[in-house]
> 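The structure under discussion is supplied below as structure tokens; questions concerning it will follow.
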2 protein chains.
Amino acid sequence: MDTPAPALPPHPTEDVTEHVGYRLKRASAALRTAMDKALREHDLTVPQYSCLELLDQQPGLSNADLARGTFVTRQSANVVLRGLKEAGLITRPATTDQGRALPVHLTPAGKQRLHTARTAVYAIEERMVNAIPGKRLTALLKDLDTMAEALGE
Amino acid sequence: MDTPAPALPPHPTEDVTEHVGYRLKRASAALRTAMDKALREHDLTVPQYSCLELLDQQPGLSNADLARGTFVTRQSANVVLRGLKEAGLITRPATTDQGRALPVHLTPAGKQRLHTARTAVYAIEERMVNAIPGKRLTALLKDLDTMAEALGE
DNA sequence: TCAGTCATGTCAAAATGCTGACATGGATAC
DNA sequence: GTATCCATGTCAGCATTTTGACATGACTGA
């Protein structure tokens, strides 16, 4: 009798909390909570911060671009942008010559706010990164990417 | 002149999309979307499914327990439970002898619904798991856990 | 006994996000 | 040219989730 091993079933445990999905959600929720708390002191929400960060690196992104980049719908992104404009952190033309996409840019105030908030956020990410063996970091990043792609329709 | 290397900075890239937080969010969002789509055919939302799954493994959990287990507030969990009760998938006493916590249980219909929906969800998780080198799965699970703990105050 | 603390359940209001729908500008096929 | 398709921005309505607040039951320490 030698079936090589009890052959851990494809879905190993009956304990949901052992599943990848659960762990993923848990880690993600923890990050979200930590960022939320940290950003509150800078009067920013997580989606707002995410938009600022993307705009800092790629000025001129459109609403739809930002929606894709922050993993929400165009409609949700639109609301975020309205808030950021209201706060004077971004500019957005009412019209454009070419196409429909309206390019968004950070104002000086926007850059300022982002730069101060960033230190708080980076401190959080540092806590995360330092907690895992440096050796595995790149593998972790790759695996997260791989999973995301495997699910992308 | 021989600084040993460009000495990859503690926060390696200026590209946000390379950060762990971004990848985490991306993977989590992809999973959420996939589950949402799959569960819709079973008339369940992701939080509803999560509650059913937890209750199947640990009958008698309270609303607060489920809130912690699904990473939402007590108030949100309460709304979810109301929906599940409305749909006849769970039972929840109006009062209790001991304490305030009201134990929730699955109805036969609840178990039934869970079992059919589960196959759809497991198929998704399978896509995820199969995409990553089996060797790294346990390390990945551990790292996700480690990160969550590192952030939990 | 009794005051203080904690966890639970719940109400109300606000914020946030999504689905569905529509109009417009651009690109493409014919 | 024109018909079709796609991406964008936006409106409206609905669902979900959170924050803030309050009352209740249980435990603890004085």
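Quick note on labels: first sequence line is chain A, next is B, and so on, each numbered from 1.
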> Roughly how many Å is it from CZ in B/Arg68 to C1' in C/dC6, rounded to a whole number?
12 Å
> With heavy atoms of chain A within less than 4.0 Å as the criterion, where does contact along DNA chain D begin and end?
D/dT8 to D/dT19
> Report the C-alpha distance between B/Tyr122 and B/Glu126 in whole Å, list the side-chain angles of each, state the deciding distance to 0.1 Å, and finish with yes or no for side chain to side chain donor-acceptor pair (under 3.5 Å).
CA-CA 6 Å; B/Tyr122 278 16; B/Glu126 200 105 30; over 6 Å; no
> Is a donor on one side and an acceptor on the other found under 3.5 Å between the side chain of A/Arg23 and the backbone of B/Asp145?
no
> Is it true that A/Glu125 and A/Arg118 have a side-chain N and a carboxylate O under 4.0 angstrom from each other?
no
> Can you see whether B/Asp143 engages B/Thr146 through a side-chain donor-acceptor pair at a distance of less than 3.5 angstrom?
no
> Do B/Asp65 and B/Ser62 have a side chain donor and acceptor closer than 3.5 Å?
yes
> Counting N and O atoms only, with roles assigned by atom type, does the side chain of B/Arg127 sit under 3.5 Å from a partner on the main chain of A/Ala150, one being a donor and the other an acceptor?
yes
> Using a 3.5 Å distance criterion without hydrogens, assess whether the side chain of B/Tyr22 forms a donor-acceptor pair with backbone atoms of A/Gly69.
yes
> Considering only nitrogen or oxygen atoms on both sides, find all protein atoms under 3.5 Å from nucleotides 10-16 of chain C and state each distance.
from   : atom 1 : to      : atom 2 : distance (Å)
C/dT10 : OP2    : B/Asn78 : OD1    : 3.4
C/dT10 : OP2    : B/Asn78 : ND2    : 3.3
C/dT10 : OP2    : B/Arg92 : NH1    : 3.0
C/dT10 : OP2    : B/Arg92 : NH2    : 3.4
C/dT10 : O4     : B/Gln75 : NE2    : 3.4

> Does A/Thr73 or B/Ala64 map to a spot on DNA chain C nearer the 5' end, using the closest nucleotide for each?
B/Ala64
> Taking for each residue the nucleotide of DNA chain C bearing the nearest heavy atom, is the 5' side occupied by A/Val72 or by A/Gly99?
A/Val72
> Taking B/Thr107 for its side chain and B/Gly88 for its backbone only, find out whether a donor-acceptor pair lies under 3.5 Å.
yes
